[in-house]
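Chain A is the first sequence line, chain B the second, and so forth, proteins listed ahead of strands; every chain is numbered from 1. What you see is a predicted model, and the numbers here were worked out from it, not measured in a lab.
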There are 2 protein chains.
Amino acid sequence: MKRKPAITSRDVAERAGVSQSAVSRCFSTNASISEKTKLKVLQAAKELGYRPNSIARSLITRSSRTIALVLSHLDNMFYPLVLEKASLRFQAEDYHLLLFVVPEEGDFIGVMDRILQSQVDGILMMSASLTSSLAQECVDTGIPVVLINRNVDFAGVSQVYSDNYHGGYWVGSYLAMGGHEQIAYLAGLKSSSTSRHRYQGLVDGLASLGKQCQVIVQGDYDFEQARSATLQLFSEPPYPDAIFAASDHMAIAVIETLRHDLGRRVPEDVSVVGFDDTPIAAWPSYRLTTVRQSVDQMVEEATTLLIKQIRQGDFRAVSRMLPVTPILRDSVRQFTHE
Amino acid sequence: MKRKPAITSRDVAERAGVSQSAVSRCFSTNASISEKTKLKVLQAAKELGYRPNSIARSLITRSSRTIALVLSHLDNMFYPLVLEKASLRFQAEDYHLLLFVVPEEGDFIGVMDRILQSQVDGILMMSASLTSSLAQECVDTGIPVVLINRNVDFAGVSQVYSDNYHGGYWVGSYLAMGGHEQIAYLAGLKSSSTSRHRYQGLVDGLASLGKQCQVIVQGDYDFEQARSATLQLFSEPPYPDAIFAASDHMAIAVIETLRHDLGRRVPEDVSVVGFDDTPIAAWPSYRLTTVRQSVDQMVEEATTLLIKQIRQGDFRAVSRMLPVTPILRDSVRQFTHE
DNA sequence: TTGAAAGCGCTAACAG
DNA sequence: CTGTTAGCGCTTTCAA
């Protein structure tokens with residue numbers, strides 16, 4: 001790494017005939033500096049092509065104005081979308097974003113170590129695998145953490161997540177009312193609280209109308225795995241007449257498989273429900289009935305919360321559960337007397 | 001921002017009964033230090049929960065081990081995928097990733113300023129709007145830049161991109177051979193060299209068999225816009241019997257619109273070809289004929305190049321054009337005598 | 001191998 | 001309002 005020795009505030013100061021700190025003041029808000037010197041400095045700075053070194057600034061202010069974003073599952077459209085929103089939001093607040101893509105349920109520990117070293121001001125986490133000891137470590141270090149779309153029972157970290165239980169509950173009762181009998185749940189990752197809560201909701205929603213969930217298969221939030229799970233579901237009777245997938249991403253995989261590998265019609269032969277309401281769910285080919293989580297709201301809440309915690313050094317963990325909206329489209333058979 | 005005063009190498013030194021520099025040496029590779037002291041230090045470090053402050057390290061080494069990633073169009077699955085790959089690759093090389101999501105063709109200048117201030121070691125750019133003056137500025141600062149999936153005629157920056165022209169050329173000749181007569185091009189952003197080259201290829205490929213592209217509409221790489229463009233294409237005769245979309249993302253929008261709004265069959269009534277070969281193209285519902293760009297190869301080349309340039313302080317711009325692979329699926333009508 | 005000392009480029013008191 | 005001064009936490013000579 002050799003590059004031209006960078007231009008420092010000292011160089012600018014010299015050229016402008018002022019002190020180095022005068023230069024510094026020109027580039028920080030609410031520092032008292034006269035119009036006149038400011039002009040001289042800015043002029044010199046421009047001539048030299050000077051830019052304040054934010055590393056040096058971070059070192060002294062002990063704040064990098066950087067937030068770590070931890071995520072996985074980029075293949076599920078839901079995440080790129082929240083990534084985009086979150087990034088725009090943070091940029092607007094003048095925070096930088098350090099991105100950490102973690103493999104599925106990988107060696108989170110290594111990543112955590114790097115995050116902690118990187119002196120971020122806060123952590124926004126959209127990945128399941130945060131053990132409580134890891135979380136504790138963050139809290140000890142004094143770095144605020146907020147979990148998005150995740151819900152762990154560790155008290156130390158803040159979290160914003162959807163009302164997965166009631167989302168699932170709605171699906172359960174809706175499916176029950178539709179007269180479905182053989183209901184299957186296509187689960188997400190085993191470690192995912194989100195998937196578990198949706199399942200619990202489904203079971204209770206079904207039970208409220210005297211039905212039950214007949215079978216549960218693992219899809220792990222993965223497209224291909226959802227496909228095999230669907231195949232497996234239809235490998236021998238009794239065949240499901242409704243499948244609730246823990247994500248739209250998987251629900252689409254189910255529909256594809258149903259239609260093209262299994263020759264089943266949706267919703268006539270089997271009903272499919274998803275969760276998230278990603279853009280794909282609305283595509284005319286699918287018209288997927290699903291449960292909407294508001295990405296906007298989720299990101300808004302999470303980022304606001306994180307920024308507040310950073311600003312105030314306020315570490316009380318707060319949990320925000322967001323309401324969820326059933327989106328009725330055409331992937332569920334309408335009720336008919338039989 | 002107040003947090004517990006961080007644990008520094010000084011603290012560790014004190015506890016271990018060694019000098020501060022001894023501690024530093026323990027955490028840097030190939031520094032001479034005896035097993036014995038190293039053990040003591042590591043022990044003390046663990047007890048205190050010490051982690052080297054990478055900001056301070058960056059300040060002195062003048063290298064942040066950070067790379068800026070600039071992108072947009074996160075709604076097009078292609079980009080999340082390259083994002084994921086790139087991030088894994090850089091993480092493996094022990095680089096951090098600073099993410100900058102830029103709006104469509106937004107005020108790139110503001111973003112650039114922030115990037116330059118953030119002292120990144122290199123820039124990987126997947127967004128079109130890099131004016132040559134901006135590029136020049138990077139080069140002046142001595143920060144290597146590589147453009148991915150973009151091809152500007154500014155000589156100063158490196159770029160790795162696909163052979164868009166021949167991709168388009170293949171599509172043109174394939175469509176011509178299929179006996180299509182009314183061929184439409186659904187273009188990407190006006191500012192996109194990529195889209196222009198694909199178009200040029202299409203035109204020449206068609207011409208090689210005595211055909212021509214009848215009409216060109218703007219889709220700007222956007223799903224909804226691609227939908228309206230498709231509608232527009234069929235608002236009055238002559239109707240296209242083939243549409244080449246500059247991205248799979250748009251091609252899917254075309255198919256959806258054709259099937260569900262226009263009641264046209266694909267490929268019987270109209271053929272559709274895309275570009276990228278994102279996972280969706282292979283879904284049974286679409287079986288989109290397309291031109292594959294290898295994300296893996298692109299990312300591999302681009303990251304390797306960038307890292308090399310950073311390491312060697314080698315700023316000669318190099319361009320790598322990657323070959324492209326036609327993927328024949330079922331969205332193009334097979335040739336039949338008429 | 002080790003410690004002392006000199007900064008990296010900047011901000012933040014503190015005087016003037 | 002402005003300059004002087006003292007570090008932020010670390011790496012890196014330089015002697016010992």
Side-chain angles (χ1 to χ4, degrees), chain A residues 1-42 44-45 48-66 116-121 141-142, chain B residues 1-42 44-45 48-65 116-121 141:
Chain A
M1 273 294 335
K2 77 164 148 236
R3 61 174 66 157
K4 301 186 190 70
I7 292 124
T8 73
S9 56
R10 233 192 180 70
D11 303 329
V12 178
E14 198 167 321
R15 181 173 191 109
V18 298
S19 77
Q20 180 270 329
S21 36
V23 177
S24 169
R25 285 192 267 259
C26 283
F27 290 91
S28 62
T29 45
N30 60 45
S32 57
I33 185 112
S34 73
E35 251 341 277
K36 215 181 72 202
T37 26
K38 185 161 190 174
L39 236 59
K40 275 196 305 191
V41 170
L42 257 28
L48 262 31
Y50 167 74
R51 278 171 223 280
N53 181 328
S54 64
I55 301 251
R57 174 180 290 165
S58 299
L59 184 58
I60 192 162
T61 59
R62 281 98 180 294
S63 156
S64 59
R65 292 207 73 82
T66 296
L116 261 14
Q117 276 183 44
S118 65
Q119 309 296 117
V120 295
D121 293 350
T141 325
Chain B
M1 270 294 336
K2 75 162 148 238
R3 62 174 63 159
K4 300 187 190 71
I7 293 125
T8 73
S9 56
R10 230 190 184 70
D11 302 329
V12 178
E14 198 167 321
R15 181 175 192 110
V18 298
S19 76
Q20 180 271 330
S21 33
V23 176
S24 169
R25 284 192 268 258
C26 283
F27 290 91
S28 62
T29 45
N30 60 45
S32 59
I33 184 114
S34 73
E35 254 335 283
K36 214 181 72 199
T37 24
K38 185 162 190 173
L39 236 58
K40 274 196 304 190
V41 169
L42 258 27
L48 262 32
Y50 167 74
R51 280 170 221 279
N53 180 329
S54 64
I55 301 251
R57 173 180 292 166
S58 299
L59 183 58
I60 194 161
T61 60
R62 283 108 175 294
S63 156
S64 60
R65 291 207 75 80
L116 261 16
Q117 277 183 41
S118 64
Q119 309 296 116
V120 295
D121 293 351
T141 324

Quiz item: Does B:Ser63 offer a backbone N or O that forms a donor-acceptor pair with the side chain of B:Asp121 under 3.5 Å?
Solution: no
Quiz item: Just how far, in rounded Å, is P of D:dT11 from CD1 of B:Ile55?
Solution: 13 Å
Quiz item: Rounded to the Å, how far apart are A:Asn53 CG and C:dC8 P?
Solution: 12 Å
Quiz item: If we ignore angles and hydrogens, is there a donor and acceptor under 3.5 Å between the side chains of B:Thr37 and B:Ser34?
Solution: yes
Self-check item: Under 4.0 Å protein heavy-atom contact, by nucleotide of nucleotides 2-7 of chain D - B base, S sugar-phosphate only
Solution: BBB--B
Quiz item: When the distance from CG of B:Leu59 to P of D:dG9 is rounded to whole Å, what number comes out?
Solution: 12 Å
Quiz prompt | N or O in side chain of B:Arg62 less than 4.0 angstrom from C:dC8 OP1/OP2 | solution = no
Practice problem: Select base, sugar-phosphate, or nothing to describe what B:Thr8 touches, counting heavy atoms under 4.0 Å on all strands. | Solution: sugar-phosphate
Practice problem: Can you sort out the partners of B:Arg51 under salt bridge (charged side-chain N to carboxylate O under 4.0 Å, His left out), two or more places apart, ordered by chain and number? | Solution: A:Asp113, A:Glu137
Quiz item: Starting at CD of B:Gln117 and ending at P of C:dG9, how long is that distance when rounded to a whole Å?
Solution: 16 Å
Exercise. Answer with base, sugar-phosphate or nothing: what part of the nucleic acid does A:Phe27 contact at a heavy-atom distance below 4.0 Å?
Key: nothing
Self-check item: OP1 or OP2 of D:dC10 under 4.0 Å from side-chain N/O of B:Ser9
Solution: yes
Practice problem: Output the distance between atom CD1 (B:Ile7) and atom CZ (B:Arg15), rounded to the nearest 0.5 Å. | Solution: 10.0 Å
Self-check item: Between D:dG9 (C1') and B:Arg57 (CZ): distance, integer Å
Solution: 11 Å
Practice problem: Check whether any side-chain nitrogen or oxygen of B:Ser24 sits under 4.0 Å from OP1 or OP2 of D:dT11, and answer yes or no. | Solution: yes
Quiz item: Is a side-chain donor or acceptor of A:Ser64 paired with a backbone partner of A:Gln119 at a separation under 3.5 angstrom?
Solution: yes
Quiz item: Which atom pair, heavy atoms only, marks the closest approach of A:Cys26 to A:Leu42?
Solution: CB-CD1, 4.3 Å
